[in-house]
Number of protein chains: 2
Amino acid sequence: MCQHRRMSNAKALPLLQPAVEPCCPPLTERPLTGEEAERAAAMFKALGDPVRLRLFSAVASHENGEACVCDISDVGVSQPTVSHHLKKLKEAGLLSSERRGTWVFYRVEPAVLATMGAVLTKAAAS
Amino acid sequence: MCQHRRMSNAKALPLLQPAVEPCCPPLTERPLTGEEAERAAAMFKALGDPVRLRLFSAVASHENGEACVCDISDVGVSQPTVSHHLKKLKEAGLLSSERRGTWVFYRVEPAVLATMGAVLTKAAAS
DNA sequence: TGTCAACATAGACGTTCGTCGATAAATGAG
DNA sequence: CTCATTTATCGACGAACGTCTATGTTGACA
């Protein structure tokens, strides 16, 4: 079974700022170039699948912004599919992972998330 | 050619508030349900293609948040492909369109954009 | 009416995607 | 070492996607 909660808070992650450079300017500032659009679209695309969005939300809403895979796997697809989607989110830079014993914990990258939000909200506020 | 600028500011659009209900709570509030994820992912998916993101940014950064198709078609794909992507953005609720004589103008839906931004930034601020 | 320009639609084609079952890899327990 | 548990990888399959060319539709104007 899945009984890791005893160690879930045992070690806080270092959380060193990953120096995220913004993918692109706000969408209303000027038309995006091809390369800017390529980078930004990859992030939006990662959230553009219902299963991935549920997984991401499950991690983000979990305590300390991190969760064991076994805590969030109940989204109606098989275990390999869950693993596949978590890999995609990681490749997009939205999640990072760390192994702790038997379990693997996924954690949100807050800076990247803030960047994506600013790209949209600054656009809406114009 | 494309010489609509004379009438571009001639008539301001009504801009009646479309009463947008939020697609879902912030991603950190709680794990999204299946239906919430379905709705929200459809919006992110619409921005998950580089060409569509460039088109959307071109409209959003244009004066008054609206643009004629002929003003934004220079993204390296054919005219039918541009039309196809604009239709997708419209179906996702991110753009609306209106014909004015020969030209068709696309306009951003600011409320929807603000909602998407809040879903992300509130998540980042947690 | 006929013609031109702007934009949309239809159909086809190759690629990418999401999903699965089977299997491998890593770790801890005994 | 052996076994059970957790997660990742592999390979396959059908569906969805992005793109194109060809054609249709709409409105302006002579």
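Computed from heavy atoms alone, side chains included, the values below leave out hydrogens, waters and symmetry copies.
Remark: P of D:dG18 and CD of B:Q79 are 17 Å apart, rounded to the nearest angstrom. For the pair B:L89 CG and C:dA8 P, the computed distance is 12 Å after rounding to whole Å. For B:R52 and D:dA16, the CZ to P distance is 15 Å, given to the nearest whole Å. For B:E91 and C:dA8, the CD to P distance is 12 Å, given to the nearest whole Å. Rounding to whole angstrom units, CG of residue B:D49 and P of C:dT15 are separated by 17 Å. The distance between atom NZ of B:K87 and atom C1' of D:dA16, rounded to the nearest whole Å, is 15 Å. We find that CZ of B:R54 is positioned 12 Å from P of D:dT19, with the value rounded to whole Å. Taking atom CG of residue B:L86 and atom C1' of nucleotide C:dA8, one finds them 11 Å apart after rounding to whole Å.
Contact annotation for B:V51: backbone-only contact, meaning every heavy-atom pair under 4.0 Å involves sugar-phosphate atoms and none involves a base. Within the nucleic acid shown, A:K45 comes within 4.0 Å of sugar-phosphate atoms alone, with no base atom in reach, counting heavy atoms only. Residue contacts shown for A:T81 include a base, since a base heavy atom lies under 4.0 Å away.
A:S57 places a side-chain N or O within 3.5 Å of a backbone atom of B:L27 that can act as its donor or acceptor partner. A donor-acceptor contact shorter than 3.5 Å is absent between the side chain of B:R54 and the backbone of B:I72. Looking only at distances, a side-chain donor or acceptor of A:R52 sits under 3.5 Å from a matching main-chain atom of A:A46.
For B:Y106, taking side-chain heavy atoms from C-beta onward, the closest of the listed nucleotides D:dT9, C:dG21, C:dA8 is C:dA8. Out of C:dC7, C:dG18, D:dA8, the shortest distance to the side chain of A:K88 is found at C:dG18. Across D:dT7, D:dA28, C:dG21, the shortest atom-to-atom separation from the side chain of A:S83 is found for D:dT7. Minimum atom distance to the side chain of A:H84 is reached by C:dT19, of the listed D:dC17, C:dT19, C:dT16. Listed candidates were D:dG18, C:dC20, C:dA26. Nearest to the side chain of A:V77 is C:dC20. Considering only side-chain atoms of A:H85, the nucleotide from C:dC7, D:dT19, C:dG18 that sits closest is C:dG18.
Close to C:dA5, at under 4.0 Å from its OP1 or OP2, lies no side-chain N or O of B:T102.
Side chains of B:L95 and B:V108 form a contact here, defined as non-hydrogen atoms less than 4.5 Å apart.
Taking OG1 of A:T115 as the start and CG of A:L120 as the end, the distance is 11.0 Å to the nearest 0.5 Å.
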